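Just below is one structure, and these are the notes that go with it.
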Amino acid sequence: MSNVRVRFAPSPTGELHIGGARTALFNLLYARATGGVFVLRIDDTDLERSRPEFTTGLLESLRWLGLDWDEGPYKQSEYLEGYRQEAERLIAEGKAYYCYCSEEELKAGREEARRRKKPYLYPEKCRDLTADRLKRFQQEGRKPVIRLKIPRDGETVVTDKIRGKVRFDNCNLDDFIIMKSNGLPTYNFANVIDDERMKITHVIRAEEHLSNTPRQQLCALALGYSLPYYAHVPMILAPDRSKLSKRHGATSVEQFRQEGYLPEALINYMTLLGWAPEGDREFFTMAEAAAQFRLDRVNKTAAVYDTAKLTWMNGHYLREGALDRIVALAIPFFEAEGLVNPPLNSEQMGYLEQVVELVRQREKNLLDLTRASSYFYNNHFDYDPKGVKKHFRREGAGQILRALAAKMKTLSDPEPSTFSNAYKEIAKELQLSIGKLMPLSRLALSGRTMGPELFDMMAVLGPEKVSARFLQAVAYIDAGS
RNA sequence: GGCCCCUUCGUCUAAUCGGUUAGGACACCAGCCUUUCAAGCUGGCAGCAGGGGUUCAAAUCCCCUAGGGGUCACCA
C-alpha cells in the first residue's frame, strides 16, 4: 500500500474540456499505477463564475469517462473558515499583512509600468504600516486584502517530476494577494492549504500552473507545510497551436459524448496525448495503461489535438465493442432521431441489434451510425439524385424491380443466403449479371448508393418490406418518367 | 515587455547511459479485396527548427538564434 494521494481540482466555471479531462486521467493513472488515492476537489472560490450546474456537469463527464474518484468531491466553499484562520495566523506571525491599497491605485501603477515597459511589482506600500495608519484605515471602514510577504532576494526552486528543477528569482515575485477583500482566499493560497489538509503527495496539473508554483511554495513555506511533488503535464493545443477554445469545434467531453464518441475511445486517445507505453501498441484500456504509467515518461511538449485520430479510434471501438453495450449506448441516439421509442420489447431489441451490428462496420460514431440506420426504420425516404440518374433512369429499371419484387414475395426465410440464391436465379432469368442488379436494389431499398452488404440488409428488412420497397421504387420511376 | 517551459514526419509519438537505413500510428496517395461505402491487407510520401561547439561518433550533451506556448488579476 502506497501513501500516494493525487487530486484533480477543476473550477466549476464551464464544461469539462479535453485538457482538464486529460489532467484528471493522468492523475487517475498515476494513482492506479502506485496504488494511491485519487481525490476530487471542486475549486469554487470564484463566486462570480462558479455555478452549481457546472459542478454537476463536471461530475457527470468524469463518471461517463470512467474517471472514478476515490474521495470527494470536496468543495473549497465548505472550508472558508479554515483559509481565514490560516491567513490570520500568518498575519500574527508577521508573514502576511493587510493591504488597503485601492484597486484604482493598483491599476494606475500597472498601467504606468506598462507604459514604461517595465515589469510591474506591487510596491509594498502596506507592508510596514504603522499601528496608527492601520487603525485609521480600519476606522474608515476600508476592506483590506491580505498579502504574503515575499523574500526580497534568493530564489525558489520547483522540483518537477517531468521537467526537473525550475528556478525562479524571488525578486521577480511580488507580495501577492492571498485573501481577497470579500474574505475569500485566492487560488494560490487556497490550493496550498487544501493540498496540505488532504495530504496530497503529488500535484499533477497542466503546465499553465508552472509559473504559479513558486508562489504556492512560498505560501507553503510561510505556513510551515511540507511540499508535495509536482508534475506539470504539457498543454493540449488547438490545431493552429493556439490555446484551445470554443471556436475550435468540439473541445468539451460533453460535446464528444453528444457526437457519439465512446468513452473508451476518448480515454485511449487522451492517454496517448503526452504519454506512450513501451512498444508500438496503440489500443489499450485504462487499466492496461495504468499498469505501466510513469510520470517520467510523460512528454514535455504541448500536444496539438487532432480529431482525425480520435475518430479513427472511435470507429475501432465501435466495431470491436460488445454488441449489447454498443446498442445500449446507441439507443438514446436512435430515440433522439425518432427511430425508436424506448422501452423496447425483445423483438424491437433484436431488430435494433441486427441494425447496429450491420451499420457499425462502416461508421465512426454513434451519431453517424444512427443517421446511417434511418431507412431500417423509415419506409419513406428520398432517393439519392445521383443514384436515381445512374440506376433508376436506365432502360428497364422498372421492369427489373417489378421482377425482383415478385421474386421476393416467394421467399420466406430471411437469411442472406436466401436472398443471394434468389438473385442468382433471377439474374439467370433476366440474363443480367448480379452486379447489375445490386446497386439498383440498394437504391430502392435505402435511397442510398452505399451501405452494408446488400443481402445482409435484406435479411434484416425481411422479404415483405424488401418487396414493398421495390414496388415503391417502381412507382417513383413511373411517376418521374 | 519581464520571467518560465518547450522544439523528431502535416498530427500523436518511439528511439532507456551519445553509435538505429531515425521506428510505429493517424491523415494522405496507390494497389489488392469488393455490388457500393467502410473495414482489412500490401506498398508509398513525409521528420531530428537553424547555427555553433564537445566527441572517433550527437536527434541525444553545452551555448546562441529563431519559433511556439505559459504566466505576470481582489480568475482558477
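When reading the values below, keep in mind they use all heavy atoms of this one structure, side chains included, and skip hydrogens, waters and symmetry mates. All figures in this text were calculated on a predicted structure; none of them were measured in a lab. Letters go in sequence order (proteins before strands), and every chain restarts at 1.
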So is A:Arg41 actually on top of A:Tyr74's ring, under 6.0 Å and inside 45° of the axis? no
Pi-cation contact, A:Phe176 with A:Arg147 (under 6.0 Å, within 45°): no
Assess the pair A:Tyr187 and A:His209: is the distance between their ring centroids shorter than 6.0 Å? yes
By the 4.0 Å heavy-atom rule, please label A:Ser11 as base, sugar-phosphate, or nothing. sugar-phosphate
Considering every strand shown, what is the Watson-Crick or G-U wobble mate of B:G67 when both distances are under 3.5 Å? B:C6
If you look at every strand shown and take non-hydrogen atoms under 4.0 Å, does A:Thr186 touch a base, only sugar-phosphate, or nothing? sugar-phosphate
With heavy atoms of chain A within less than 4.0 Å as the criterion, where does contact along RNA chain B begin and end? B:G1 to B:A76
Please confirm whether the backbone N or O of A:Leu58 pairs with a side-chain atom of A:Ser61, one donor and one acceptor, at under 3.5 Å? no
Using the C1' atoms only, state how far B:U13 lies from B:C48, rounded to an integer number of Å. 13 Å
Using a heavy-atom cut-off of 4.0 Å across all strands, would you classify A:His209 as base, sugar-phosphate, or nothing? base
Residues from residues 439-461 of chain A sitting under 4.0 Å of RNA chain B, heavy atoms only? A:Pro439, A:Arg442, A:Thr449, A:Met450, A:Gly451, A:Pro452, A:Glu453, A:Leu454
Within the structure shown, what part of the strands sits under 4.0 Å from A:Gly274 by heavy-atom distance: base, sugar-phosphate, or nothing? sugar-phosphate
Do the two ring centres, one from A:Phe256 and one from A:Tyr261, sit under 6.0 Å apart? yes
May I ask you to say what A:Arg110 touches in the nucleic acid, namely base, sugar-phosphate or nothing, with a heavy-atom cut-off under 4.0 Å? sugar-phosphate
Give A:Gln361 one of three labels, base, sugar-phosphate or nothing, depending on what nucleic acid heavy atoms sit under 4.0 Å from its own. base
Hey, which sits more toward the 5' end of RNA chain B by its nearest nucleotide, A:Asp46 or A:Arg215? A:Arg215
Heavy atoms only, 4.0 Å cut-off, all strands: where does A:Lys118 land among base, sugar-phosphate and nothing? nothing
Out of curiosity, A:Tyr383 OH to A:Phe392 CZ, how far, rounded to the nearest 0.5 Å? 5.0 Å
Would you confirm whether A:Thr285, through its side chain, and A:Glu288, through its main-chain N or O, come within 3.5 Å as a donor-acceptor pair? yes
Does B:A39 pair with anything, Watson-Crick or G-U wobble, both distances under 3.5 Å, and if so, with which nucleotide? none
Tell me which residues in residues 144-162 of chain A put a heavy atom below 4.0 Å from RNA chain B, sorted by number, or none. A:Val145
For the P atoms, the ones on B:U20 and on B:A59, what distance do you get once it is rounded to whole angstrom? 9 Å
For A:Arg167, answer base if it contacts any base atom (sugar-phosphate contacts may also be present), sugar-phosphate if it contacts only those atoms, and nothing otherwise; contact means non-hydrogen atoms under 4.0 Å. sugar-phosphate
Considering heavy-atom distances to RNA chain B, does A:Ser242 or A:Ser102 have its closest nucleotide positioned more toward the 5' end? A:Ser242
Look through every strand shown and name the nucleotide pairing with B:A59 as Watson-Crick or G-U wobble, where both distances are under 3.5 Å. none
In the strands shown, is B:A46 matched to any nucleotide by a Watson-Crick or G-U wobble pair with both distances under 3.5 Å, and which? none
Is B:U21 paired to anything, Watson-Crick or G-U wobble with both distances less than 3.5 Å, and if yes, which nucleotide? none
Using a heavy-atom cut-off of 4.0 Å across all strands, would you classify A:Phe168 as base, sugar-phosphate, or nothing? sugar-phosphate
Considering only the P atoms, how many Å lie between B:G51 and B:C9, rounded to the nearest integer? 15 Å
For atom P, what is the distance between B:G69 and B:C37, given to the nearest Å? 41 Å
Is A:Lys243 touching bases, backbone alone, or none of the nucleic acid, heavy atoms closer than 4.0 Å? sugar-phosphate
Check the pair A:His232, A:Arg163 against side chain to side chain donor-acceptor pair (under 3.5 Å), reporting the backbone distance first and the verdict last. CA-CA 8 Å; A:His232 288 91; A:Arg163 282 152 219 284; 5.7 Å; no
Would you say A:Ile267 and A:Leu25 make side-chain contact, with heavy atoms under 4.5 Å? yes
Are A:Arg22 and A:Phe26 in a cation-pi contact, defined as NZ or CZ under 6.0 Å from the six-membered ring centre and within 45° of the axis? yes
Can you tell me how far C1' in B:C26 sits from the matching atom in B:C64, rounded to whole Å? 36 Å
Using a heavy-atom cut-off of 4.0 Å across all strands, would you classify A:Arg49 as base, sugar-phosphate, or nothing? base
What interatomic distance, in whole Å, is found between C1' of B:C4 and the corresponding atom of B:A39? 47 Å
Given side chains that start at C-beta, do those of A:Glu196 and A:Val192 come closer than 4.5 Å, heavy atoms only? no
Contact class for A:Asp169 (heavy atom, under 4.0 Å): base, sugar-phosphate, or nothing? nothing
Would you classify A:Arg360 as touching base, sugar-phosphate or nothing, given that sugar-phosphate means primed atoms plus P, OP1 and OP2, and contacts are heavy atoms under 4.0 Å? nothing
Using atom C1' of each nucleotide, how far apart are B:C5 and B:A25 to the nearest Å? 27 Å
Heavy atoms from other residues, nucleotides or ligands near OH of A:Tyr229 exceed 12 (cutoff 6.0 Å): no
Salt bridge (Lys or Arg N to Asp or Glu O under 4.0 Å) for A:Arg294 and A:Asp296? Distances and angles first, verdict last. CA-CA 6 Å; A:Arg294 293 211 322 255; A:Asp296 57 15; 3.0 Å; yes
Whole-Å P distance, B:G44 and B:A49: 25 Å
Does B:A73 pair with anything, Watson-Crick or G-U wobble, both distances under 3.5 Å, and if so, with which nucleotide? none
Centroid separation under 6.0 Å, is that true for the rings of A:Phe283 and A:Trp312? yes
